[in-house]
Amino acid sequence: MKHILSVIAFMIITFAVQGLNHFVINSAHYASIDFARPEPIMALGFLTMIVQGGILTFALAHITPIGARIRDSLKVSLSFGLFLGFYIAVTEPAKYAAPSIPCWILTEGLASTIQFVVFGLVLGFIHEHFTKTPA
């Protein structure tokens, strides 16, 4: 149950943070990117969120088989977030004609940081709640 809830939580948090970032707060930034689709393929985004959420929850369970604490979940989430977010924030504008590299790095870096900090907290709460205590 903790893995299903963790994946659902990842999807909700990711959709909320990245959706607000892409479609509300920084919509002009994304509209200025020539290579971006005007209408994203949402099914691929949902598939990605399911896979990423699954990797994160199973990684946490593997690293802390006896039971995870919030501190553990933040380490896992922020590690994966730094790995993924750094690529998105720094490598993508190096490969593509981003209108403003500093703006790209700030926008993507901030959104990724918020997403993975919030998810790390929720992931820890879920795993702590569903940890079996020895009798």
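For Ile126 against Ala9, the heavy-atom pair with the smallest separation is CD1-CB, 3.9 Å. Residue Ala89 comes nearest to Ile105 through the heavy atom pair O-CG1, 3.0 Å, listed as atom of the first residue, atom of the second, then distance. When all heavy atoms of Ile55 and Phe80 are compared, the pair lying nearest together is CG2-CE2, 3.5 Å. Contact detail for Asn21 and Ala111: the closest heavy-atom pair is ND2-CB, 3.5 Å. Nearest heavy atom pair, residue Ala98 against residue Pro93, reads CB-CB, 3.9 Å. Shortest non-hydrogen contact noted between Val7 and Gly54 is CG2-N, 3.5 Å.
Classification of the Phe46-Phe15 ring pair by plane angle, with boundaries at 30° and 60°, yields parallel.
Side-chain atoms of Trp104 come within 3.5 Å of backbone N or O of Ile88 as a donor-acceptor pair. With hydrogens and angles disregarded, a donor-acceptor distance shorter than 3.5 Å links the side chain of His22 to the backbone of Gln18. In this structure, the side chain of Ser73 engages the main chain of Gly124 through a donor-acceptor pair within 3.5 Å.
Hydrophobic clustering (side-chain heavy atoms under 4.5 Å, transitive across Ile, Leu, Val, Met, Phe, Trp, Tyr) keeps Val117 apart from Leu20. A single hydrophobic cluster is not seen to contain both Ile114 and Val24; linkage of ILVMFWY side chains at heavy-atom distances under 4.5 Å, directly or through other members, places them apart. Using a 4.5 Å cut-off between side-chain heavy atoms of Ile, Leu, Val, Met, Phe, Trp and Tyr, with links allowed through other members, Ile8 and Phe125 fall into different hydrophobic clusters. Side-chain heavy atoms closer than 4.5 Å link hydrophobic residues (I, L, V, M, F, W, Y) into clusters, and following such links, even through other members, never connects Ile4 to Ile13. Linking ILVMFWY residues whenever their side-chain heavy atoms come closer than 4.5 Å, directly or via other members, leaves Phe83 and Met49 in distinct clusters.
Distance check, rounded to the nearest 0.5 Å: CG of Leu5 to CZ of Phe10 gives 15.5 Å. Atom CG of Leu106 and atom CD1 of Ile101 lie 13.5 Å apart (nearest 0.5 Å). Note: Phe119 CZ to Ile12 CD1 = 11.0 Å, rounded to the nearest 0.5 Å. The line from OG of Ser77 to CG of Leu82 is 11.0 Å long, rounded to the nearest 0.5 Å. Taking NE2 of His3 as the reference point, atom CZ of Phe58 lies at 4.5 Å (rounded to 0.5 Å). Going from atom OH of Tyr87 over to atom NZ of Lys95 covers 2.5 Å, rounded to the nearest 0.5 Å.
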Practice task
Run the numbers on Val17 and Val118 for side-chain contact (heavy atoms from CB on, under 4.5 Å), then give the verdict.
Solution key: CA-CA 9 Å; Val17 172; Val118 172; 5.5 Å; no
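Salt-bridge check for Asp72 with Arg69: passed, with a basic side-chain N closer than 4.0 Å to an acidic carboxylate O.
Leu84 is listed as a side-chain neighbour of Gln52, based on a closest heavy-atom distance under 4.5 Å. Residues Phe116 and Leu56 form a side-chain contact, since some pair of their non-hydrogen atoms from C-beta on lies under 4.5 Å apart. You'll find the side chain of Thr64 reaches within 4.5 Å of the side chain of Leu60, heavy atoms only.
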